[in-house]
Structures are given as C-alpha cells and as structure tokens.
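All values below were derived from every heavy atom in this structure, side-chain atoms included, with hydrogens, water molecules and symmetry-related copies excluded. This structure is a prediction, so every number in the text was calculated from the model and none was measured.
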Amino acid sequence: QVRLVESGGGRVQAGGSLRLSCAASGSIISIGPMAWYRQAPGKERELVASMTSGGNTNYADSVKGRFTISRDNAKNTVSLQMNSLKPEDTAVYYCNCLGDYHGNLATYWGQGTQVTVSS
C-alpha cells in the first residue's frame, strides 16, 4: 500500500488563500523532487510547482508570485501555499513525489483534492 494523503482543499473567493498539504506514508522515502500538479475538467494535467530535496523550486508562469511550495524532508511532507487565488486556479490538485517504497523506486501520487475559486 502506497499512500500520499492530501488535505486543505476547498472553496474560496477570488483573492483568497488556501494551503494544501500532502504527507507520504512512513514507508515511502522521498529521495527526489516533490511537486504539485493540477487538472481541470477537459484540460491536461499540468505542473504547478516543484521542489528538489536541495530546495530548488520551479513554478508555472501562471502562479509565480502567488504560490509557494515547501517541503519537510524529515517528515516526507510537501505543502503549497496559494495566495491571490483566481477562478482559473480551480482544479483538482495532486501531490507527487519520487520515492522508494520497499525498494520500489517510482513516482507516487496523491488522491487529489478539489480547489474551487469563485469569482
């Protein structure tokens, strides 16, 4: 059983903020990048933000200056602080990590959490 457990999704008005969190099970050892993706109905899943274990970050142009990714390597968690939210940010958000599960090195995904931003 491999699980990434997400929390923090919900509904907010435009201009509001949300903080998403994702925790990997204790059996998963994160050894590479952790990231957040999102997917809206009818659209492709896209990378929102990523962070390497060394702290290097990458953001989609559409969220630069508004979103901040952070991670705690000791706890195998990754968070996404989302400020100044816009209706176009509405999507299902997924956390992702490269990890080792009982010797199985793979990319693991969370179940997804809905973020809805009203105009």
A.B. asks: For Val92 and Thr113, what are the C-alpha separation, side-chain angles and deciding distance, and is it a side chain to side chain contact (heavy atoms under 4.5 Å, CB included)?
C.D. replies: CA-CA 5 Å; Val92 178; Thr113 184; 5.9 Å; no

A.B. asks: State, yes or no, whether a side-chain contact exists between Glu6 and Tyr94 at a heavy-atom distance under 4.5 Å.
C.D. replies: yes

A.B. asks: Atom CG in Asn73, atom CD1 in Ile29: separation rounded to 0.5 Å?
C.D. replies: 12.0 Å

A.B. asks: In plain terms, say whether Lys64 and Asp61 are close enough for a salt bridge, that is, a side-chain N and a carboxylate O under 4.0 Å apart.
C.D. replies: yes

A.B. asks: Measure across Ile69 and Met51 and return the closest heavy-atom pair with its distance rounded to 0.1 Å.
C.D. replies: O-CE, 3.4 Å

A.B. asks: Quick one: do Thr57 and Thr68 satisfy side chain to side chain contact (heavy atoms under 4.5 Å, CB included)? Show the steps, please.
C.D. replies: CA-CA 9 Å; Thr57 59; Thr68 303; over 6 Å; no

A.B. asks: Is there a side-chain contact between Ser53 and Arg71, using heavy atoms and a 4.5 Å cut-off?
C.D. replies: yes

A.B. asks: Would you say Leu98 ends up clustered with Val48 if hydrophobic residues are merged whenever their side chains have heavy atoms under 4.5 Å apart, either directly or through other cluster members?
C.D. replies: no

A.B. asks: Under 4.5 Å between side-chain heavy atoms, hopping through other hydrophobics if needed: is there a path connecting Leu80 to Val63?
C.D. replies: yes

A.B. asks: Grab the two heavy atoms, one from Leu85 and one from Leu18, that are nearest each other, plus how far apart they are.
C.D. replies: CD1-N, 3.8 Å

A.B. asks: If you look at every heavy atom in Arg19 and Ser70, which pair is closest and at what distance?
C.D. replies: NH2-OG, 3.7 Å

A.B. asks: For a quick test of reading the model, state the closest non-hydrogen atom pair linking Ala60 to Leu47 and the distance between them.
C.D. replies: CB-O, 3.5 Å

A.B. asks: Any side-chain heavy-atom pair from Val115 and Met82 closer than 4.5 angstrom?
C.D. replies: yes

A.B. asks: Do the side-chain N and O atoms of Ser17 and Asn83 include a donor-acceptor pair separated by under 3.5 angstrom?
C.D. replies: yes

A.B. asks: To the nearest 0.5 Å, what is the distance between CE (Met34) and SG (Cys95)?
C.D. replies: 7.0 Å

A.B. asks: Locate the shortest heavy-atom distance separating Ala91 from Ala40; write the atom from each residue and the value.
C.D. replies: CB-N, 3.9 Å

A.B. asks: Could you tell me if the ring centre of Phe67 sits under 6.0 Å from that of Trp36?
C.D. replies: no

A.B. asks: Treating Asp89 as the side-chain partner and Lys86 as the backbone partner, does any N or O pair qualify as donor plus acceptor under 3.5 Å?
C.D. replies: yes

A.B. asks: Kindly give the heavy-atom pair with the smallest separation between Cys97 and Leu4, and that separation in Å.
C.D. replies: SG-CD2, 4.0 Å

A.B. asks: Side chains of Tyr93 and Arg38 only: does a donor on one sit below 3.5 Å from an acceptor on the other?
C.D. replies: yes

A.B. asks: Does any N or O in the side chain of Ser84 come within less than 3.5 Å of the main-chain N or O of Gly15, such that one atom is a donor and the other an acceptor?
C.D. replies: no

